[in-house]
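Comments concern the structure below.
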Amino acid sequence: MLKFHLFKALSLFLLIFVTNFAIAQRAYQVKDIPDPKKNGGGYVSDPDKILGSNAVAELNTTIADFERKTHVQVAVVVVNDFDHDQEDFDFAYQLFNTWGIGQKNSNNGLLLFISKERRKYRFITGTGAEGVLPDVKLKHIAERQLLPAFRKNNYATGIINTINALGELILNPNNQAELNQLFTQKDNSDSLMESFWLPTAVIILAFFGVFRLVNRQGKNIPFKAFTGKNPGERAIAKGCVGVILVFIIAVFAFIFFDGTRLFDHFGWRHVPVILYTVLAIALYFRYLFYISSLRQAHNDDKNFFTSVNSFNKKNFWLVIFSPLILISLIGYLFKKSKNNDRFKPVLDSKNKEMVRVDRDINIDGSPFLTKGQRQEEVIQAYDYDIWESTDHKEHLIKQWPAEAYKQYTECPDCAFRTFKLHKQVTTRAATYSHSGQAKVINECSFCKKTEFIKWIILPMLVESGSSSSSSGGSSSSSSSSSSSWGGGSSSGGGTGGSW
(Lines give C-alpha, C1' and ligand atoms only; values in the text may rest on other atoms or scores of the structure.)
Protein backbone atom coordinates (compact mmCIF):
# COMPACT_ATOMS: atom_id res chain seq x y z
CA MET A 1 0.00 0.00 0.00
CA LEU A 2 2.84 2.35 0.82
CA LYS A 3 4.48 1.56 -2.52
CA PHE A 4 1.27 2.41 -4.29
CA HIS A 5 1.04 5.84 -2.62
CA LEU A 6 4.69 6.52 -3.39
CA PHE A 7 4.16 5.58 -7.02
CA LYS A 8 1.08 7.80 -7.20
CA ALA A 9 2.93 10.78 -5.69
CA LEU A 10 5.90 10.25 -8.01
CA SER A 11 3.62 10.08 -11.05
CA LEU A 12 1.88 13.30 -10.01
CA PHE A 13 5.24 15.02 -9.53
CA LEU A 14 6.46 13.86 -12.94
CA LEU A 15 3.25 15.05 -14.57
CA ILE A 16 3.57 18.52 -13.03
CA PHE A 17 7.24 18.69 -13.93
CA VAL A 18 6.71 17.64 -17.54
CA THR A 19 3.79 20.05 -17.93
CA ASN A 20 5.77 22.98 -16.52
CA PHE A 21 8.77 22.02 -18.61
CA ALA A 22 6.65 21.89 -21.78
CA ILE A 23 5.13 25.29 -21.04
CA ALA A 24 8.53 26.77 -20.23
CA GLN A 25 9.97 25.46 -23.47
CA ARG A 26 7.17 26.88 -25.62
CA ALA A 27 9.20 29.43 -27.56
CA TYR A 28 7.16 31.56 -29.99
CA GLN A 29 8.29 32.63 -33.43
CA VAL A 30 7.12 36.04 -34.64
CA LYS A 31 4.69 34.42 -37.05
CA ASP A 32 3.16 32.39 -34.19
CA ILE A 33 2.16 35.37 -32.04
CA PRO A 34 -1.62 35.83 -32.38
CA ASP A 35 -2.48 39.26 -33.78
CA PRO A 36 -5.21 40.74 -31.52
CA LYS A 37 -6.52 42.87 -34.39
CA LYS A 38 -7.36 39.71 -36.29
CA ASN A 39 -8.79 37.97 -33.22
CA GLY A 40 -11.44 40.39 -32.02
CA GLY A 41 -9.92 43.74 -32.89
CA GLY A 42 -8.19 44.38 -29.53
CA TYR A 43 -4.71 45.52 -28.55
CA VAL A 44 -3.45 42.76 -26.22
CA SER A 45 -2.02 39.38 -27.26
CA ASP A 46 -1.88 36.91 -24.36
CA PRO A 47 -1.61 33.44 -25.94
CA ASP A 48 -0.35 31.77 -22.74
CA LYS A 49 -3.19 33.22 -20.61
CA ILE A 50 -0.75 34.92 -18.26
CA LEU A 51 -3.00 37.95 -17.73
CA GLY A 52 -6.40 36.26 -17.92
CA SER A 53 -9.46 37.23 -19.93
CA ASN A 54 -10.76 39.83 -17.45
CA ALA A 55 -7.42 41.64 -17.32
CA VAL A 56 -7.15 41.56 -21.13
CA ALA A 57 -10.61 43.11 -21.48
CA GLU A 58 -9.70 45.85 -18.99
CA LEU A 59 -6.42 46.50 -20.78
CA ASN A 60 -8.18 46.75 -24.15
CA THR A 61 -10.52 49.37 -22.73
CA THR A 62 -7.64 51.31 -21.14
CA ILE A 63 -5.55 51.26 -24.33
CA ALA A 64 -8.51 52.25 -26.52
CA ASP A 65 -9.08 55.29 -24.31
CA PHE A 66 -5.34 56.01 -24.35
CA GLU A 67 -5.25 55.93 -28.17
CA ARG A 68 -8.30 58.20 -28.43
CA LYS A 69 -6.67 60.84 -26.20
CA THR A 70 -3.05 60.65 -27.37
CA HIS A 71 -3.25 59.33 -30.96
CA VAL A 72 -0.61 56.76 -30.06
CA GLN A 73 -1.51 53.18 -31.00
CA VAL A 74 -0.34 50.64 -28.44
CA ALA A 75 0.10 46.89 -28.72
CA VAL A 76 0.86 44.68 -25.71
CA VAL A 77 2.25 41.16 -26.13
CA VAL A 78 2.78 38.86 -23.14
CA VAL A 79 4.27 35.37 -23.62
CA ASN A 80 6.12 32.81 -21.55
CA ASP A 81 9.05 32.49 -23.95
CA PHE A 82 10.12 33.32 -27.49
CA ASP A 83 12.67 32.28 -30.11
CA HIS A 84 15.89 31.29 -28.31
CA ASP A 85 17.96 32.43 -31.28
CA GLN A 86 16.82 36.04 -30.87
CA GLU A 87 17.25 38.73 -28.27
CA ASP A 88 14.21 40.53 -26.95
CA PHE A 89 14.97 43.69 -28.98
CA ASP A 90 15.32 41.83 -32.29
CA PHE A 91 12.16 39.82 -31.67
CA ALA A 92 10.06 42.81 -30.59
CA TYR A 93 11.40 45.00 -33.41
CA GLN A 94 10.54 42.35 -36.01
CA LEU A 95 7.10 41.85 -34.49
CA PHE A 96 6.40 45.61 -34.54
CA ASN A 97 7.18 45.96 -38.24
CA THR A 98 5.46 42.69 -39.15
CA TRP A 99 2.17 43.85 -37.70
CA GLY A 100 2.67 47.49 -38.77
CA ILE A 101 1.66 49.05 -35.45
CA GLY A 102 0.60 52.69 -35.75
CA GLN A 103 -0.68 54.71 -38.71
CA LYS A 104 1.33 54.58 -41.91
CA ASN A 105 1.51 58.36 -42.33
CA SER A 106 2.48 59.17 -38.74
CA ASN A 107 4.22 55.99 -37.45
CA ASN A 108 2.57 56.62 -34.08
CA GLY A 109 2.90 53.07 -32.75
CA LEU A 110 4.19 51.64 -29.46
CA LEU A 111 4.80 47.99 -28.63
CA LEU A 112 5.27 46.63 -25.11
CA PHE A 113 6.67 43.10 -25.38
CA ILE A 114 6.97 40.96 -22.22
CA SER A 115 8.51 37.50 -21.71
CA LYS A 116 7.61 35.97 -18.34
CA GLU A 117 10.12 33.09 -18.41
CA ARG A 118 13.05 35.27 -19.44
CA ARG A 119 11.85 38.08 -17.14
CA LYS A 120 12.38 40.65 -19.88
CA TYR A 121 10.37 43.57 -21.22
CA ARG A 122 10.94 45.67 -24.32
CA PHE A 123 9.39 48.91 -25.61
CA ILE A 124 9.55 49.56 -29.37
CA THR A 125 8.41 52.99 -30.56
CA GLY A 126 7.30 54.07 -34.00
CA THR A 127 9.38 56.71 -35.73
CA GLY A 128 6.73 59.38 -35.23
CA ALA A 129 6.21 58.59 -31.52
CA GLU A 130 9.85 58.93 -30.47
CA GLY A 131 9.47 62.68 -29.82
CA VAL A 132 6.73 62.28 -27.22
CA LEU A 133 8.05 58.95 -25.87
CA PRO A 134 11.85 59.28 -25.60
CA ASP A 135 13.81 56.24 -24.49
CA VAL A 136 14.85 57.82 -21.18
CA LYS A 137 11.28 58.57 -20.18
CA LEU A 138 10.15 55.07 -21.14
CA LYS A 139 12.92 53.57 -19.01
CA HIS A 140 11.99 55.78 -16.05
CA ILE A 141 8.28 54.83 -16.24
CA ALA A 142 9.12 51.13 -16.56
CA GLU A 143 11.31 51.20 -13.44
CA ARG A 144 8.65 53.01 -11.41
CA GLN A 145 5.45 51.32 -12.65
CA LEU A 146 6.22 48.13 -14.58
CA LEU A 147 8.99 46.33 -12.75
CA PRO A 148 7.76 46.62 -9.12
CA ALA A 149 4.41 45.08 -10.07
CA PHE A 150 6.07 42.36 -12.19
CA ARG A 151 8.28 41.32 -9.26
CA LYS A 152 5.04 40.60 -7.39
CA ASN A 153 3.60 38.74 -10.42
CA ASN A 154 0.99 41.51 -10.85
CA TYR A 155 1.44 41.73 -14.61
CA ALA A 156 -1.91 43.29 -15.50
CA THR A 157 -1.56 45.95 -12.77
CA GLY A 158 1.94 46.85 -13.93
CA ILE A 159 0.87 47.21 -17.57
CA ILE A 160 -2.21 49.32 -16.72
CA ASN A 161 -0.18 51.61 -14.43
CA THR A 162 2.43 51.97 -17.19
CA ILE A 163 -0.18 52.87 -19.81
CA ASN A 164 -1.68 55.50 -17.49
CA ALA A 165 1.77 56.94 -16.77
CA LEU A 166 2.52 57.12 -20.49
CA GLY A 167 -0.74 59.02 -20.97
CA GLU A 168 0.23 61.57 -18.32
CA LEU A 169 3.62 61.98 -19.98
CA ILE A 170 2.23 62.53 -23.46
CA LEU A 171 -0.53 64.90 -22.34
CA ASN A 172 1.84 66.97 -20.18
CA PRO A 173 1.58 70.65 -21.28
CA ASN A 174 5.37 70.76 -21.61
CA ASN A 175 5.08 68.20 -24.43
CA GLN A 176 2.39 70.12 -26.29
CA ALA A 177 4.63 70.96 -29.27
CA GLU A 178 5.53 67.32 -29.90
CA LEU A 179 1.94 66.27 -29.27
CA ASN A 180 0.62 68.84 -31.75
CA GLN A 181 3.07 67.50 -34.31
CA LEU A 182 1.79 63.97 -33.73
CA PHE A 183 -1.83 65.14 -33.99
CA THR A 184 -0.94 66.98 -37.20
CA GLN A 185 0.62 63.85 -38.66
CA LYS A 186 -2.47 61.91 -37.70
CA ASP A 187 -4.72 64.54 -39.21
CA ASN A 188 -2.71 64.49 -42.42
CA SER A 189 -4.11 61.06 -43.10
CA ASP A 190 -7.57 62.36 -42.33
CA SER A 191 -7.00 65.36 -44.62
CA LEU A 192 -7.02 62.90 -47.49
CA MET A 193 -10.71 62.60 -46.78
CA GLU A 194 -11.06 66.33 -47.33
CA SER A 195 -8.91 66.44 -50.46
CA PHE A 196 -11.14 63.95 -52.24
CA TRP A 197 -14.15 66.27 -52.17
CA LEU A 198 -13.17 68.45 -55.15
CA PRO A 199 -12.45 65.65 -57.67
CA THR A 200 -15.45 63.73 -56.36
CA ALA A 201 -17.72 66.74 -56.87
CA VAL A 202 -16.32 67.30 -60.38
CA ILE A 203 -16.93 63.65 -61.31
CA ILE A 204 -20.49 63.70 -59.97
CA LEU A 205 -21.35 66.93 -61.80
CA ALA A 206 -19.76 65.72 -65.03
CA PHE A 207 -21.62 62.43 -65.04
CA PHE A 208 -24.84 64.15 -64.01
CA GLY A 209 -24.57 66.29 -67.15
CA VAL A 210 -23.66 63.29 -69.30
CA PHE A 211 -26.63 61.24 -68.11
CA ARG A 212 -28.97 64.18 -68.72
CA LEU A 213 -27.75 64.60 -72.29
CA VAL A 214 -27.96 60.90 -73.05
CA ASN A 215 -31.40 60.59 -71.47
CA ARG A 216 -32.62 63.54 -73.51
CA GLN A 217 -31.58 61.77 -76.70
CA GLY A 218 -33.12 58.57 -75.41
CA LYS A 219 -36.55 60.21 -75.40
CA ASN A 220 -36.51 60.00 -79.19
CA ILE A 221 -36.20 56.22 -79.07
CA PRO A 222 -39.60 54.53 -79.35
CA PHE A 223 -39.41 52.24 -76.32
CA LYS A 224 -41.37 49.02 -76.47
CA ALA A 225 -42.13 46.31 -73.99
CA PHE A 226 -39.24 43.89 -73.92
CA THR A 227 -40.94 40.95 -75.54
CA GLY A 228 -39.15 40.88 -78.89
CA LYS A 229 -36.01 40.12 -80.67
CA ASN A 230 -33.08 39.37 -78.38
CA PRO A 231 -33.51 37.84 -74.90
CA GLY A 232 -29.84 38.55 -74.06
CA GLU A 233 -30.28 42.25 -74.73
CA ARG A 234 -33.46 42.27 -72.68
CA ALA A 235 -31.55 40.72 -69.78
CA ILE A 236 -28.85 43.40 -70.03
CA ALA A 237 -31.43 46.18 -70.10
CA LYS A 238 -33.40 44.80 -67.16
CA GLY A 239 -30.41 43.77 -65.07
CA CYS A 240 -28.21 46.84 -65.36
CA VAL A 241 -29.76 48.61 -62.37
CA GLY A 242 -29.38 45.57 -60.13
CA VAL A 243 -25.77 45.02 -61.20
CA ILE A 244 -24.83 48.62 -60.48
CA LEU A 245 -26.51 48.61 -57.07
CA VAL A 246 -24.79 45.38 -56.06
CA PHE A 247 -21.43 46.72 -57.26
CA ILE A 248 -21.78 49.97 -55.31
CA ILE A 249 -22.87 48.21 -52.12
CA ALA A 250 -20.02 45.69 -52.38
CA VAL A 251 -17.35 48.36 -52.95
CA PHE A 252 -18.43 50.57 -50.06
CA ALA A 253 -18.94 47.58 -47.73
CA PHE A 254 -15.46 46.22 -48.43
CA ILE A 255 -13.65 49.55 -48.24
CA PHE A 256 -15.44 51.56 -45.58
CA PHE A 257 -16.60 48.71 -43.33
CA ASP A 258 -13.38 46.67 -43.57
CA GLY A 259 -15.13 43.70 -45.14
CA THR A 260 -11.90 42.00 -46.18
CA ARG A 261 -8.16 42.54 -45.77
CA LEU A 262 -7.79 42.63 -49.55
CA PHE A 263 -8.93 46.24 -49.32
CA ASP A 264 -6.78 47.33 -46.38
CA HIS A 265 -4.76 49.65 -48.62
CA PHE A 266 -7.81 51.53 -49.90
CA GLY A 267 -8.78 54.84 -48.35
CA TRP A 268 -10.52 58.14 -48.97
CA ARG A 269 -8.02 59.15 -51.64
CA HIS A 270 -9.32 56.28 -53.76
CA VAL A 271 -12.94 57.44 -53.60
CA PRO A 272 -12.79 59.53 -56.84
CA VAL A 273 -11.33 56.59 -58.76
CA ILE A 274 -13.90 54.19 -57.35
CA LEU A 275 -16.72 56.63 -58.04
CA TYR A 276 -15.55 57.17 -61.62
CA THR A 277 -15.36 53.40 -62.15
CA VAL A 278 -18.86 52.82 -60.80
CA LEU A 279 -20.38 55.66 -62.83
CA ALA A 280 -18.50 54.58 -65.96
CA ILE A 281 -19.96 51.10 -65.62
CA ALA A 282 -23.42 52.58 -65.03
CA LEU A 283 -23.05 54.71 -68.17
CA TYR A 284 -21.95 51.65 -70.14
CA PHE A 285 -25.07 49.75 -69.11
CA ARG A 286 -27.17 52.80 -69.93
CA TYR A 287 -25.64 52.82 -73.40
CA LEU A 288 -26.44 49.12 -73.81
CA PHE A 289 -29.99 49.86 -72.66
CA TYR A 290 -30.48 52.38 -75.48
CA ILE A 291 -28.94 50.05 -78.07
CA SER A 292 -31.27 47.31 -76.82
CA SER A 293 -34.19 49.74 -77.09
CA LEU A 294 -33.25 50.47 -80.71
CA ARG A 295 -33.21 46.73 -81.33
CA GLN A 296 -36.72 46.44 -79.92
CA ALA A 297 -37.90 49.42 -81.97
CA HIS A 298 -36.78 47.90 -85.28
CA ASN A 299 -37.75 44.53 -86.63
CA ASP A 300 -35.82 45.40 -89.79
CA ASP A 301 -32.07 44.86 -89.41
CA LYS A 302 -31.10 47.59 -91.88
CA ASN A 303 -33.18 50.17 -90.02
CA PHE A 304 -31.61 48.99 -86.76
CA PHE A 305 -28.06 49.44 -88.07
CA THR A 306 -28.96 52.87 -89.44
CA SER A 307 -30.41 53.98 -86.09
CA VAL A 308 -27.43 52.67 -84.13
CA ASN A 309 -25.04 54.36 -86.52
CA SER A 310 -26.85 57.68 -86.03
CA PHE A 311 -26.89 57.25 -82.23
CA ASN A 312 -23.17 56.43 -82.12
CA LYS A 313 -22.23 59.42 -84.28
CA LYS A 314 -23.96 61.72 -81.81
CA ASN A 315 -22.54 60.00 -78.73
CA PHE A 316 -19.05 58.72 -79.63
CA TRP A 317 -17.65 61.14 -77.02
CA LEU A 318 -19.14 58.95 -74.28
CA VAL A 319 -15.98 56.83 -74.60
CA ILE A 320 -14.18 59.54 -72.57
CA PHE A 321 -16.47 58.89 -69.61
CA SER A 322 -16.83 55.14 -70.09
CA PRO A 323 -14.01 53.42 -72.05
CA LEU A 324 -16.06 50.21 -71.94
CA ILE A 325 -18.33 51.70 -74.61
CA LEU A 326 -15.40 51.45 -77.03
CA ILE A 327 -15.76 47.66 -76.90
CA SER A 328 -19.38 47.91 -78.05
CA LEU A 329 -18.49 50.44 -80.76
CA ILE A 330 -15.83 48.13 -82.19
CA GLY A 331 -18.22 45.19 -82.03
CA TYR A 332 -20.90 47.20 -83.82
CA LEU A 333 -18.51 48.26 -86.58
CA PHE A 334 -17.41 44.66 -87.06
CA LYS A 335 -21.01 43.45 -87.28
CA LYS A 336 -21.90 46.28 -89.66
CA SER A 337 -19.02 45.44 -92.00
CA LYS A 338 -20.18 41.82 -92.16
CA ASN A 339 -23.62 42.99 -93.30
CA ASN A 340 -22.50 45.50 -95.93
CA ASP A 341 -23.05 43.07 -98.82
CA ARG A 342 -26.36 41.98 -97.39
CA PHE A 343 -28.05 45.32 -98.01
CA LYS A 344 -26.62 46.04 -101.47
CA PRO A 345 -29.46 46.19 -104.05
CA VAL A 346 -30.01 43.10 -106.22
CA LEU A 347 -31.13 43.11 -109.85
CA ASP A 348 -34.29 41.64 -111.33
CA SER A 349 -34.55 39.78 -114.66
CA LYS A 350 -34.58 43.12 -116.52
CA ASN A 351 -31.32 44.18 -114.86
CA LYS A 352 -33.05 46.80 -112.76
CA GLU A 353 -32.44 47.33 -109.05
CA MET A 354 -35.02 45.72 -106.83
CA VAL A 355 -36.47 47.37 -103.72
CA ARG A 356 -35.91 45.84 -100.29
CA VAL A 357 -39.12 45.32 -98.33
CA ASP A 358 -39.07 47.30 -95.07
CA ARG A 359 -39.68 44.70 -92.34
CA ASP A 360 -40.66 47.40 -89.86
CA ILE A 361 -43.71 47.95 -92.07
CA ASN A 362 -44.23 44.39 -93.30
CA ILE A 363 -43.31 42.57 -90.09
CA ASP A 364 -44.58 39.09 -90.94
CA GLY A 365 -43.22 39.19 -94.51
CA SER A 366 -46.53 38.31 -96.15
CA PRO A 367 -47.28 37.27 -98.81
CA PHE A 368 -43.65 36.42 -99.55
CA LEU A 369 -42.64 34.26 -96.58
CA THR A 370 -44.19 30.95 -95.65
CA LYS A 371 -45.33 30.32 -92.08
CA GLY A 372 -42.32 28.09 -91.56
CA GLN A 373 -39.92 30.80 -92.68
CA ARG A 374 -41.64 33.30 -90.42
CA GLN A 375 -41.26 30.89 -87.50
CA GLU A 376 -37.53 30.65 -88.27
CA GLU A 377 -37.38 34.44 -87.92
CA VAL A 378 -39.33 34.41 -84.67
CA ILE A 379 -36.93 31.96 -83.03
CA GLN A 380 -33.97 33.83 -84.61
CA ALA A 381 -32.67 30.88 -86.58
CA TYR A 382 -32.77 32.88 -89.82
CA ASP A 383 -33.30 36.45 -90.98
CA TYR A 384 -35.00 36.87 -94.35
CA ASP A 385 -34.48 39.85 -96.68
CA ILE A 386 -37.23 40.29 -99.26
CA TRP A 387 -36.47 42.11 -102.50
CA GLU A 388 -39.23 43.11 -104.91
CA SER A 389 -39.06 44.52 -108.44
CA THR A 390 -40.41 47.99 -109.05
CA ASP A 391 -43.25 46.59 -111.16
CA HIS A 392 -44.15 44.17 -108.31
CA LYS A 393 -43.93 41.19 -110.67
CA GLU A 394 -40.80 39.63 -109.25
CA HIS A 395 -39.45 39.04 -105.80
CA LEU A 396 -36.34 37.45 -104.32
CA ILE A 397 -35.83 36.08 -100.80
CA LYS A 398 -32.37 35.97 -99.22
CA GLN A 399 -31.67 33.89 -96.15
CA TRP A 400 -29.16 34.92 -93.43
CA PRO A 401 -28.15 33.06 -90.24
CA ALA A 402 -29.47 34.88 -87.17
CA GLU A 403 -28.41 34.99 -83.49
CA ALA A 404 -29.80 31.57 -82.55
CA TYR A 405 -28.79 29.79 -85.76
CA LYS A 406 -26.60 27.21 -84.01
CA GLN A 407 -29.26 26.39 -81.43
CA TYR A 408 -31.53 24.77 -84.03
CA THR A 409 -31.26 22.19 -86.76
CA GLU A 410 -33.43 21.21 -89.70
CA CYS A 411 -36.59 19.37 -88.76
CA PRO A 412 -36.78 15.89 -90.36
CA ASP A 413 -40.52 16.37 -91.00
CA CYS A 414 -41.13 19.99 -92.08
CA ALA A 415 -37.53 20.73 -93.21
CA PHE A 416 -37.45 24.12 -91.50
CA ARG A 417 -34.62 25.04 -89.15
CA THR A 418 -36.90 24.95 -86.14
CA PHE A 419 -35.84 21.66 -84.54
CA LYS A 420 -34.26 22.11 -81.10
CA LEU A 421 -32.19 19.22 -79.78
CA HIS A 422 -32.03 18.07 -76.16
CA LYS A 423 -34.64 20.50 -74.91
CA GLN A 424 -35.38 20.08 -71.21
CA VAL A 425 -39.03 20.36 -70.20
CA THR A 426 -39.89 20.38 -66.48
CA THR A 427 -42.88 18.22 -65.66
CA ARG A 428 -42.63 18.51 -61.87
CA ALA A 429 -40.75 21.36 -60.24
CA ALA A 430 -38.26 20.62 -57.45
CA THR A 431 -39.01 22.00 -53.98
CA TYR A 432 -37.25 22.12 -50.62
CA SER A 433 -39.00 18.89 -49.60
CA HIS A 434 -38.81 16.71 -52.71
CA SER A 435 -36.98 16.39 -56.02
CA GLY A 436 -38.46 17.32 -59.38
CA GLN A 437 -38.69 15.65 -62.75
CA ALA A 438 -38.01 16.75 -66.33
CA LYS A 439 -37.94 15.15 -69.73
CA VAL A 440 -35.33 15.68 -72.43
CA ILE A 441 -36.78 15.88 -75.92
CA ASN A 442 -36.09 17.01 -79.47
CA GLU A 443 -38.89 19.31 -80.55
CA CYS A 444 -39.83 21.35 -83.61
CA SER A 445 -41.32 24.73 -82.76
CA PHE A 446 -43.18 24.83 -86.10
CA CYS A 447 -44.69 21.42 -86.86
CA LYS A 448 -44.48 20.29 -83.19
CA LYS A 449 -42.71 17.04 -84.02
CA THR A 450 -41.39 15.60 -80.76
CA GLU A 451 -38.84 12.89 -80.05
CA PHE A 452 -38.55 11.68 -76.44
CA ILE A 453 -34.99 11.01 -75.23
CA LYS A 454 -35.03 10.39 -71.46
CA TRP A 455 -36.32 11.37 -68.04
CA ILE A 456 -34.07 13.19 -65.57
CA ILE A 457 -34.37 13.91 -61.84
CA LEU A 458 -34.14 17.52 -60.67
CA PRO A 459 -32.37 17.79 -57.28
CA MET A 460 -34.18 19.24 -54.28
CA LEU A 461 -33.71 22.92 -53.55
CA VAL A 462 -31.24 23.72 -50.76
CA GLU A 463 -31.69 26.67 -48.43
CA SER A 464 -28.76 29.06 -48.30
CA GLY A 465 -26.80 29.17 -45.02
CA SER A 466 -25.39 32.64 -45.62
CA SER A 467 -27.76 34.36 -43.21
CA SER A 468 -26.80 32.22 -40.24
CA SER A 469 -23.10 32.39 -40.95
CA SER A 470 -23.08 36.13 -41.39
CA SER A 471 -24.90 36.77 -38.14
CA GLY A 472 -22.30 34.89 -36.17
CA GLY A 473 -19.39 36.94 -37.38
CA SER A 474 -20.73 40.36 -36.57
CA SER A 475 -19.81 40.39 -32.90
CA SER A 476 -16.07 39.83 -33.28
CA SER A 477 -14.98 43.45 -33.36
CA SER A 478 -16.59 44.69 -30.14
CA SER A 479 -13.33 45.73 -28.53
CA SER A 480 -12.09 47.92 -31.36
CA SER A 481 -13.35 49.67 -34.42
CA SER A 482 -10.60 48.28 -36.65
CA SER A 483 -9.52 44.75 -37.49
CA SER A 484 -6.01 45.68 -38.58
CA TRP A 485 -3.12 47.91 -37.57
CA GLY A 486 -2.39 51.01 -39.61
CA GLY A 487 0.80 50.00 -41.44
CA GLY A 488 3.25 51.89 -39.20
CA SER A 489 6.96 51.19 -38.84
CA SER A 490 9.81 51.67 -36.37
CA SER A 491 13.44 52.60 -36.80
CA GLY A 492 14.41 50.81 -33.59
CA GLY A 493 13.61 53.37 -30.88
CA GLY A 494 12.61 52.25 -27.40
CA THR A 495 14.08 50.65 -24.32
CA GLY A 496 14.00 47.43 -22.33
CA GLY A 497 15.30 45.57 -19.32
CA SER A 498 14.77 42.77 -16.82
CA TRP A 499 13.15 42.31 -13.42
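What you are looking at is a predicted structure, and each value in this text was computed from that prediction instead of being measured.
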| task | Quick one: sort the Y276 and F207 rings into parallel, tilted or perpendicular, breaks at 30° and 60°. | result | perpendicular
| With under 30° as parallel and over 60° as perpendicular, where do the rings of Y332 and F305 fit, or are they tilted in between? | tilted
| request: Report the C-alpha separation of L95 and W99 in whole Å, then their side-chain angles, then the decisive distance to 0.1 Å, and conclude whether the side-chain contact (heavy atoms from CB on, under 4.5 Å) test is met. | output: CA-CA 6 Å; L95 180 62; W99 284 0; 3.6 Å; yes
Going from [atom1] on [X] to [atom2] on [Y], what distance comes out if it is rounded to the nearest 0.5 angstrom?
X: L275; Y: T200; atom1: CG; atom2: OG1; result: 6.0 Å
X: Y432; Y: M460; atom1: OH; atom2: CE; result: 11.5 Å
X: D413; Y: K448; atom1: CG; atom2: NZ; result: 13.5 Å
X: I124; Y: L133; atom1: CD1; atom2: CG; result: 12.5 Å
X: F96; Y: T98; atom1: CZ; atom2: OG1; result: 11.0 Å
X: E443; Y: F452; atom1: CD; atom2: CZ; result: 13.5 Å

Within 6.0 angstrom of [X] [atom1], more than 12 heavy atoms from elsewhere:
X: K420; atom1: NZ; value: yes
X: F343; atom1: CZ; value: yes
X: F334; atom1: CZ; value: no
X: K423; atom1: NZ; value: no

[X] side chain to [Y] main-chain N or O, any donor-acceptor pair under 3.5 Å?
X: T427; Y: V425; value: no
X: S45; Y: P34; value: yes
X: N108; Y: A129; value: no
X: T277; Y: V273; value: yes
X: E377; Y: Y384; value: yes
X: N362; Y: S366; value: yes
X: R417; Y: T409; value: no
X: N39; Y: D35; value: yes
X: N442; Y: H422; value: yes
X: N107; Y: S489; value: yes

| request: For I327 and L324, run side-chain contact (heavy atoms from CB on, under 4.5 Å): C-alpha distance rounded to whole Å, both residues' side-chain angles, the deciding distance at 0.1 Å, then the answer. | output: CA-CA 6 Å; I327 300 173; L324 289 172; 4.1 Å; yes
Below 4.5 Å, heavy atoms only, C-beta onward: do [X] and [Y] meet side chain to side chain?
X: N315; Y: L318; answer: yes
X: S490; Y: Y93; answer: yes
X: Y43; Y: V74; answer: no
X: N312; Y: Y287; answer: yes
X: W387; Y: V357; answer: no
X: K398; Y: I386; answer: no
X: I363; Y: R374; answer: yes

Before accepting this row, confirm whether a basic side-chain N of the pair [X]/[Y] lies closer than 4.0 Å to the acidic partner's carboxylate O.
X: K449; Y: E451; value: yes
X: D348; Y: K393; value: no
X: R295; Y: D301; value: yes
X: K350; Y: D391; value: yes
X: R356; Y: E388; value: no

If we count only N and O atoms by modelled type, under 3.5 Å, do the side chains of [X] and [Y] hold a donor and an acceptor together?
X: E376; Y: Y408; result: no
X: H298; Y: S307; result: yes
X: N215; Y: R286; result: yes
X: T390; Y: E353; result: no
X: S349; Y: E394; result: yes
X: N303; Y: D360; result: yes

Check [X] against [Y] and note the closest heavy-atom contact, atom names and distance.
X: Q373; Y: I397; value: OE1-CD1, 4.4 Å
X: D383; Y: A402; value: OD2-CB, 3.8 Å
X: V132; Y: I170; value: O-CG1, 4.3 Å
X: V44; Y: N60; value: N-OD1, 3.4 Å
X: S435; Y: L458; value: CB-O, 3.0 Å
X: Q73; Y: G102; value: OE1-N, 2.6 Å

| message | Testing F416, W400, Y405 one by one against Y382 for a ring-ring contact (aromatic ring centres under 6.0 Å, His included), which residue passes? | response | Y405
| message | For a side-chain contact (heavy atoms from CB on, under 4.5 Å) check, start with the C-alpha distance between C414 and T418, then their side-chain angles and the critical distance, and finish with the verdict. | response | CA-CA 9 Å; C414 66; T418 51; 4.0 Å; yes
| field | Steps toward side-chain contact (heavy atoms from CB on, under 4.5 Å) verdict (R359, L369) | value | CA-CA 12 Å; R359 298 302 302 280; L369 298 182; 3.7 Å; yes
Extract all donor-acceptor atom pairs below 3.5 Å that involve side chains of residues 278-285 and protein atoms in other chains or at least two apart in sequence.
unit_1 : atom_1 : unit_2 : atom_2 : d
Y284   : OH     : S328   : OG     : 3.4

